[in-house]
Amino acid sequence: MPVISRIAPLHDAMTAWRRDIHQHPELAYAEHRTARTVADLLRGFGVDEVIEGVGQTGVVGVLRNGPGNSIGLRADMDALPIEELADRPYRSVHANTMHACGHDGHTAMLLGAARYLAETRRFTGTVVLVFQPAEEGQAGAKAMIDDGLFERFPMQAIYGVHNMPGLPAGSLSFSAGPIMAAADRFRVILRGQGGHAAAPHSCRDPVIAAAGLIQALQTVVSRSCPPAETLVVSVTEVHGGDAFNVIPDSVRVSGTVRYFNPEIGALARQRMKAIIDGIAAAHGMEADYEYFEGYPPTVNWPEAIEAARAAALTVAGEDGTLDQAPRMFAEDFSYFLQEKPGAYGFIGNGESGELGCTGLHNPHYDFNDTILTTGASFFAALVERELPVG
Ligand SMILES: [Zn+2]
Ligand SMILES: [Zn+2]
């Protein structure tokens, strides 16, 4: 793997940063120690400007080298409310808080690139290093945009990478078009009339209505969504009833809707309402339907994908530069791509089990330190390619 030769010796330092951040994980918008660590390191590298508190706990570093275009590179810094179960020397010191999505590794990769770029300056223009808070469900990317990220730090394009367990360690995948889905949430409360289980005729049973509803919601995907489009409707929570001989008053059904095309999202939302209202009416009860829009789909820009792929090829080679089918997970990098051209891709974290690298959001997960220099080299190669000297 042709890691940039001046980045290879940073492996030990990057591993130390990564493990330090891993050991001190912080949840969304509480990344105070992490942000301070990042800002102190950036200043130590000689990054020209370091601004803290962008989008609450976000940090932005700016590297200038003459006039020219500007490119944004992004890492996320937040951890998850998971109790770390693996026993490792740098295990989380905070109860029920863990870097189980590898954002510690993303942060260390971008720090490595920052140190290299600050030292070598083999680019013309500006590099904006974006360390964002709160990727896990709290839209830290949007918080930075709302705090004027793109006005205060103008950039032509922005790039990000997420580690992916199961893909070969250090492989890089940048694929065109939608790559991650929109992730909406819904909640339905069916309000009937409870009573004695032995006298169902004198009740309006929300359990039966919920059973019908859960089945019928799947027809949104199978009968209403055009077959060539992508849609997932998953009912993931059913709550109702406390006793074997009591029909409850109400049942709550919740779940998630995933799609790439916003028109399909709108179709699902509206078809779900029709089905919910119809089932409630058929069973003689009221239905409360709430629908919450989550992260939009993450859609890569064609020019940016070309640039990212070219940089990936120089680092990971033909064999290590892969194409990935879209995934129905969601990612708040989508907000950046709604505003600016850019690309979001994956760096392989290795096979499951290798170095304890189990799946994302797993209590045994760990970022694979052997890929840190690859990720940093990718960012550096992208900058040197997109902001060439002369
Ligand atoms: Zn995650
Ligand atoms: Zn993540």
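Counting convention: from 1, in listed order, for ligands and their atoms alike.
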Compute both the distance and the angle, then confirm whether Arg327 meets the cation-pi test with Phe346: under 6.0 Å from the six-membered ring centre, within 45 degrees of the axis.
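Cation-pi check for Arg327 and Phe346: passes.
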Indicate yes or no: at least one non-hydrogen side-chain atom of Thr230 is less than 4.5 angstrom from one of Pro326.
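They are not in side-chain contact.
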Electrostatic pair Arg269-Asp184, nearest N-O below 4.0 angstrom:
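No salt bridge links Arg269 with Asp184.
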Pair Arg88 + Asp366, salt bridge at N-O below 4.0 Å:
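Yes, charged N to carboxylate O under 4.0 Å.
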What pairs meet the ring pair (Phe, Tyr, Trp, His ring centres under 6.0 Å) rule with one or both residues in residues 249-308, with sequence neighbours excluded?
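Passing the test, one end in residues 249-308: Tyr295-Tyr335.
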Give me the protein N, O or S atoms that fall under 2.8 Å of the Zn ion (ligand 2), sorted by chain and residue number.
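Those protein N, O or S atoms (cut-off: under 2.8 Å from the Zn ion (ligand 2)) are Cys101 SG, His103 NE2, His162 NE2.
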Out of the candidates Arg187, Arg252, Arg191, only one should pair with Asp288 under the salt bridge (charged side-chain N to carboxylate O under 4.0 Å, His left out) rule; please name it.
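Filter result, single survivor: Arg191.
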